[in-house]
S.K.: 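First the structure, which I've put down as C-alpha cells, then a few questions once you've had a look.
Naming convention: chains lettered A, B, ... in sequence-line order (proteins, then strands); numbering from 1 in each chain. Bear in mind that the values here come from a model prediction, so they are computed numbers and not experimental data.
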Amino acid sequence: MKSFDYVRPATVAEAVAAAAQPGAVYLAAGTNLLDLMKGGVSRPDRLVDVTHLDGLDAIETLADGSLRIGALVSNADLAHDANFAKSYPAVAEALLSGASAQLRNAATVGGNLLQRTRCAYFYDTASRCNKREAGTGCDARDGENRSHAVLGWSENCIATHPSDFCVPLVALDAVVEIEGRSGRREIALDELHRLPGNTPERDSALDPGDLIVAVRLPPAARVFSTHARYLKVRERTSYAFAVVSAAAALRIENGKVAEARVALGGVAAKPWRARPAEDVLRGVAPTADAFQEAAWRALADAKPSGDNAFKIELARRIVVRALLLAAAGTPARLPALPASPFASTSGAIHA
Amino acid sequence: MPELNLTSAPAHLRHGSNIGQPLTRRDGVLKVKGQATYAADNHPPGMLFAVMAVSSISRGRVASLDVAAAKRHPGVVDVMTSSHKPPLAIDPEIKTNPFVFRMEVLQSDEVRYAGQPIAVVIAETLESATEGALLLAPRYETLPALVGLDAGESFVPPVVGVGNPSEVHRGDVEAGLASAEKQIDATYETPPQYHNAMEPHAIVASWDGDRLQIDMPTQGLMLSLARIAELFGIAHDKIHIRSPFLGGGFGSKGLMSGPPTLGIMAAKLVGRPVKLVLRREQMYGPVGHRAPTRQRLRIGADGEGRLTALDHHARTVSSTFDDFYEPAADASHTLYAAPAIRTSHDAVRVNTGTPLFMRAPGEATGSIALESAIDEIAWACGMDPLAFRLKNYAEVEPISGKPFSSKALRACYEQGAARFGWAKRSLRPRQMRDDAGLLVGWGTGTATFPALMFQAQARAAIRRDGSGVMEIGAHDMGQGAWTALAQIAADAVGLDIDRVEFKAGTSDLPDAGIAGGSAHTATAGAAIHSAGAAVIAKLADLATNDERSPLFGAGNAGVIARDGRLVRRDDESRSESYAEILARAGLAEVEASGTGAPNPAAMEEYAMHAHGAVFAEVKVDPELGQVRVTRMVGAFAAGRIVNPHLVKSQLFGGMIWGMSFALHEEAITDRRSGRIMNANLGEYHIPVNADVPPLDVITVEEHDPHVNALGIKGVGEIGITGSAGAIANAVWHATGVRVRRFPIRIEDLLTQS
Ligand SMILES: Cc1cc2nc3c(=O)[nH]c(=O)nc-3n(C[C@H](O)[C@H](O)[C@H](O)COP(=O)(O)OP(=O)(O)OC[C@H]3O[C@@H](n4cnc5c(N)ncnc54)[C@H](O)[C@@H]3O)c2cc1C
Ligand code: SF4
C-alpha cells in the first residue's frame, strides 16, 4: 500500500485545516475508502481520521422539531433508534436494506452520503474512467453497463450513486450541515451530489476540507411517518446494491393525497428526487391509476445509457409499488426483510 | 503444525459401530476458537511476504516493468520477473501427464489472459510488497482479446472433462426426432463461474538446502508433491507439505497451479521463507474456473410422452494454451431412457486462464440445461414433469446399456414428492399465488453424479496399549474428512473413535488420492477399511497361532474385532484384548497397509451413480421480477451414509450452490478487455443466508454391493445437480416465462405483469 500520513485531529477546526491540503481525505469507518485504497483507486497522501471527534455522534431533536443526526452515528445505531424508526420509517428501512449487518455497524452517516459509485470501471484502475481520472474517457459507456444510470447521465459518465440511505433522505428534504474553511454552512441534500455533466470527477458540492458534521431532517419530514416506505429491487435478498429502488411518502387527508414525496435510487449519479411525480399526485385520490401516472412522470426524461433499458420500466413499476405500499400505511414493525418485495412473505427470519 | 486437538466423540453415541453415527465435526471447536491452523497462519522465522503483480491485459506481452521503482520502495527485498528468477528443472509448458496443467510462472513475457502473474514482489511486509507490485506500472504491447463463446473458429476437442470422448451416440437421433410427435429445440447459456473458496490460495514455503517445507491448502497432496518435485528437480522425500485444513477448494485446489509455484520460487530466490496469498480478485485467473457454455437440446417424444430421441450439444471455451473442456453434454448419458441419444461438444479458444473442474464439472452445467429441456418437452406433451420423468425412467444406463449397481431414484422421486406435496401442483404455469399476490411456482429436477473411485493407501497399527493408529494423507476441505474417515478407521480396527489416533493432511502419510470427484470418502475409506482389516488379520494370526491365547485354533472359524478385543466368531465367550495379545507376543505394535481402488470388473459390468430428486418452490413478484426460493426438498440415494450429519451438510451446500447457479452466480467479463469486472464477493453474487429457505434433505436408503467394499457413493457434488434445474423450472411454473440464459435475471421476468 502507498504510504500515507495518518492524523487524528482533536477538534473539528483541526480536522478541517488538516483535510484542506491537497491529497488529504477524511476517514470515517473506512468501509468504502479503505477498499478504494487497497485497490489503488484512491491514493491519498493523508488520512484525517474523524472518528474520534467529539460531539458528532448524537441524534437530537431540535427545538423547532427538526432531527439532527451527527455525521458519526453508525448506520445501524440510527436504524435501530426506536424514535427514529418510528418517525422516519422509510429512512430506517432504507438503512437496513443496505450492505450487511457488519458493514452497517461500522458505516457512518457521513460516509454513507459520500460513498463513491460502484461502477466497476471506476474500481478497475486499468480501465479509462473520467471520474477517477478526469479526461481519460469512460469505459463503461460501451462496456458492461447493465446497472448504470438512466437519468441525469452524460456522455462523460453514466455511473450511479449507490446509497440507499440518501434516497428517502432526499425525498424528505434533508439538509446537510458542513464545516469548511470559511466556517459553517448548510445545503440541501439534493444539492450535495452532482450530476456528471462535463466534470464527473467532482462527485459532490463539497470543497477541499469540507466536513459533513450532521444531517438534518426538517420538522415537516415527520408528517409522513404513517405512510412512508422504501422498496429496493436487488439481485439477492441482502448484501447487494439496488438495481433500482424508490422511497415514497404520502400525507393523506380526507382520502386525498395532500402531499407526496418520491425519490429513486440506483438510477442516477445522485439520489433522484422525482418532483414531477409528486406534483401530479397533489390533491388526487391515492389510486393505482394515479400512481401509474406519477411513475410515468418520474421517468419521463429517462433514457438508457447502455444495456439497461429494463431499468426504466423497472423503475416505473417500483415507483407504483412503493406508492401503493406507502398508501397502505407504514407497518407497525419494520419488516424482517426490509425494503424487499418479499417483506411480507411469511417465514422470513433474516434482515 | 501443533498437535490437533480434535473434539472427542460425544458420550451419547451408540456404542460399537462408528459408521452411520451423526458425529459433529471433530475439528469444529478448533475452528470456532480460531485454533485451526490454515496455511497462511504459519509464520516461520525470517519469513518475507510475496505479492503477485498480475496482467491487466488479456493478450499481448509485457513490454516493460519499472523494477527499479519497486525495488526502491522501502521494505522491498527483491522483484522476481521473467528475466530474474530461479531456474526450474522442467519447462512448465510440458504436460507430463493428463493431470498436469500449464501454468504461468514467469516463463516468458507473453500474456495470455487478464490476471496472469507477470512479476512477484518480495518484501519485509505485506504492505511493502503490495505497493511494490503497484509501482511496477507495467507497459504492454496489447493484442485484441478473444472473449466469449463466439470468439473464434470452433473445433471439436479430442476429449472433454477428464478423458471423456467429446461425442457419444447410441441409436439414430435424427430418425428419433423425425418420428417424434412432440419436439423441442432449445438453447441454454451458462456463464463463467469462479470457485471462490472462502480461503484464498496461499502458500508458505521454506527451503533448507534442497529440502522444502510447504504449508499450502491442497485437495491433492501427492499430486502436488509430484508436480513440485518435477518442477524443482528434487526427490519426493525432500518435500514436506502440510494441509490439515482447507477453507474450501471446490476443485480449484486440486492440482498445483502457478501462484503457489511462484511462492516456492520466490523463497528460493531470496533464500528465506516466503508467504504468498492471493487477493480475492487474483483468484479470478490463474487458479481455474467453470467455463461458460451454450447448450442446444433437441428432444423428441411420442404421443404417450415417451422419449424418442435426445440430442445434447454443448459449446464451451478453453484457454488459448491448454485444454480443459467442460463436459456439459455428458449429463445426458445417464438419466433418461431415450432410445437414441447423442451428446457432442465443440469449443473456441479465448483469452482466459484455463478452465478447470469446479464442483460438479459438466454435471452442474449440463444438468440445468437438461432438466430445463426435460420440463419443456414434458409441457409440450401436456404432462406433469414428474410423471414425465417417471415415464422415461432409465432401468439401465441409456448410453451404455449397463445395469446400475444400485439406483433408488424411484424412491427419491416418491419420498421427495410426498414430503414436498407435489401432487397439488397445477399443470399449467402462472396459476398459483400466495396471500400477498406473489406468483408461486413448483419445479423439479433429477440429480445424478457418478460414483467414482480413485487410488489410495492407508497404514494402520495397533499399539501395545490397545489403541489404534490410522494414517492416510487425506484432505479435509471443510467437508468433514477428519470426522467421517476417522469413523471408518474406528470401525476398521474395531475400536472406539477416541481410541484411534487418526492422522491426515500431510504429505508424509500414505497417498489418499485426490479429494475430488465426490470420491474421497469412498476411496480413502476403502483404503482405511482394508488397512484396518489387514492389521486385525495380523493380530488375529498372533492370537490364533499362540496356544496360550483363548483364541488359539480359531483360524478357520475366524475372529471379529470389537471394542478393542478379538472375539471368536463361533463362540463369543472366547475373546482377548489387543493389549493382551501384543503383550504376550512382546510387540510394541503391529502394523499393516491397505489400498483402495476401483474394481475394474464391477465397472465393466455396472453403471455406478448416485441419484436424487429435488423439488423447489419459488415466489416471484409479478411486476418487479425478483425471485425468492421459499422451499426446497431434496431426496438423495448415495449408497451407505457414513455420517448423516455431514452428509446432510454436503447436500444442503450443494442445493444452495444450485440455487446460486440458477439465480445469482456469474462472472461478468468485459467484452473488450476480457477482464472480469466483478472479481469480489460484494458483486460476484452467491446466496446469502437471507436467500436460503428452509431446506429439507431426505437420504434414501440404498445398499450398493458393487461400488466398493463399504458401499459408499459420494455426496459432495450431487446436490447442485437437479437443484439448479428445479429452481429454473419453478420460475417457469410461477411466471410462464422460460428463461434459458442463466443466472435468471430480473429483466428476464419483467416481460409481463
Ligand atoms: C460490500 C459492500 C456492500 C455495500 N452495500 C451497500 C448497499 O446495499 N447500500 C448502501 O447504501 N451502501 C452499501 N455499501 C456502502 C456503505 O454504506 C458505505 O461503505 C458506508 O456507508 C461508508 O461509510 P464509512 O463511514 O465507512 O465511510 P468511509 O469509507 O470512511 O468514507 C467514505 C467517503 O466519505 C468521506 N467521508 C466520510 N465521512 C465524512 C464526513 N463526515 N465529511 C466529509 N467526508 C466524509 C470519506 O473521505 C470517503 O471519501 C456497501 C459497502 C460494501 C463494502
Ligand atoms: S461511468 Fe463514470 S465512473 Fe464509470 S467508468 Fe464511466 S466515468 Fe468512470
S.K.: Taking NZ, NE, NH1 and NH2 as the nitrogens, is one of them in B:E623 or A:R317 under 4.0 Å from a carboxylate oxygen of the other?
M.R.: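 No, no charged N to carboxylate O under 4.0 Å.
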S.K.: Taking the side chain as everything from C-beta on, heavy atoms only, tell me whether A:R116 gets closer than 4.5 Å to A:L36.
M.R.: yes
S.K.: Quick check on A:V233 against chain B: is it the side chain, the backbone, both or neither that has a heavy atom closer than 4.5 Å?
M.R.: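 Backbone plus side chain of A:V233, per the 4.5 Å heavy-atom cut-off to chain B.
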S.K.: Could you tell me whether A:E93 and A:R229 have a side-chain N and a carboxylate O separated by less than 4.0 Å?
M.R.: yes
S.K.: Any Lys/Arg nitrogen of B:R631 or B:E617 sitting under 4.0 Å from an Asp/Glu carboxylate oxygen of the other?
M.R.: yes
S.K.: Which region of A:R43, side chain (C-beta onward) or backbone (N, CA, C, O), has a non-hydrogen atom less than 4.5 Å from a non-hydrogen atom of chain B, or is it both or neither?
M.R.: side chain
S.K.: Between A:R146 and chain B, which part of the residue has a heavy atom less than 4.5 Å away: side chain, backbone, both or neither?
M.R.: side chain
S.K.: Does any backbone or side-chain atom of A:R321 lie under 4.5 Å from a heavy atom of chain B? Answer side chain, backbone, both or neither.
M.R.: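 Side chain of A:R321 only, per the 4.5 Å heavy-atom cut-off to chain B.
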S.K.: Find the one option among B:V688, B:L624, B:I746 whose heavy-atom pairs under 4.5 Å with chain A are most numerous.
M.R.: B:L624
S.K.: For B:V627, which atoms come within 4.5 Å of any heavy atom of chain A: side chain, backbone, both, or neither?
M.R.: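 B:V627 touches chain A through backbone heavy atoms alone.
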S.K.: Check whether B:T669 gets within reach of chain A through its side chain, its backbone, both or neither, counting any heavy atom under 4.5 Å.
M.R.: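 Just its backbone gets close to chain A.
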S.K.: Before accepting this row, confirm whether a basic side-chain N of the pair A:D307/B:R671 lies closer than 4.0 Å to the acidic partner's carboxylate O.
M.R.: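 A salt bridge is present here (some side-chain N lies under 4.0 Å from a carboxylate O).
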S.K.: Non-hydrogen atoms of chain B under 4.5 Å away: do they reach the side chain of A:S127, the backbone, both or neither?
M.R.: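 Its backbone and side chain both get close to chain B.
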S.K.: May I ask you to test the A:N130-A:T136 pair for a side-chain heavy-atom distance under 4.5 Å?
M.R.: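 Yes - at least one pair of side-chain heavy atoms lies under 4.5 Å apart.
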S.K.: With a 4.5 angstrom heavy-atom cut-off, which part of B:I57 approaches chain A: side chain, backbone, both or neither?
M.R.: neither
S.K.: Between A:V243, A:I318, A:L314, who has the most heavy-atom pairs with chain B when the cutoff is under 4.5 Å?
M.R.: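 Ranked by heavy-atom pairs under 4.5 Å with chain B, first place is A:L314.
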S.K.: For A:K38, is it the side chain, the backbone, both, or neither that has a heavy atom closer than 4.5 Å to a heavy atom of chain B?
M.R.: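 Both backbone and side chain of A:K38 come within 4.5 Å of chain B.
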S.K.: Do you know which of B:R279, B:H664, B:E127, B:R675 has the most heavy-atom pairs with chain A at a distance under 4.5 angstrom?
M.R.: B:R675
S.K.: Between A:K2 and B:L134, is a side chain to side chain contact (heavy atoms under 4.5 Å, CB included) present by the stated rule, with each step listed?
M.R.: CA-CA 9 Å; A:K2 181 188 163 195; B:L134 265 178; over 6 Å; no
S.K.: Identify whether the distance between the nearest side-chain nitrogen and carboxylate oxygen of A:D139 and A:R128 falls below 4.0 Å.
M.R.: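 A salt bridge is present here (some side-chain N lies under 4.0 Å from a carboxylate O).
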S.K.: Could you tell me which portion of B:L681 (side chain, backbone, both or neither) has an atom closer than 4.5 angstrom to a non-hydrogen atom of chain A?
M.R.: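 Backbone only.
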S.K.: With chain A, which of B:L663, B:L126, B:D621 has the greatest number of heavy-atom pairs at distances under 4.5 Å?
M.R.: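 Highest number of pairs under 4.5 Å: B:D621.
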S.K.: Only one of A:I158, A:L264, A:N308 forms a side chain to side chain contact (heavy atoms under 4.5 Å, CB included) with A:V150, so which one is it?
M.R.: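 Exactly one option meets the side chain to side chain contact (heavy atoms under 4.5 Å, CB included) with A:V150, and it is A:N308.
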S.K.: Sort out for me which of A:E235, A:R236, A:K311, A:E144 touches chain B most, counting heavy-atom pairs under 4.5 Å.
M.R.: A:R236
S.K.: Check each atom of A:Y121 against the heavy atoms of chain B and say whether the ones under 4.5 Å are side chain, backbone, both or neither.
M.R.: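 Answer is both: backbone and side chain atoms of A:Y121 are under 4.5 Å from chain B.
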S.K.: If we only count heavy atoms from C-beta on, is the B:E189 to B:F742 side-chain gap below 4.5 Å?
M.R.: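 Contact flag for B:E189/B:F742 side chains = no.
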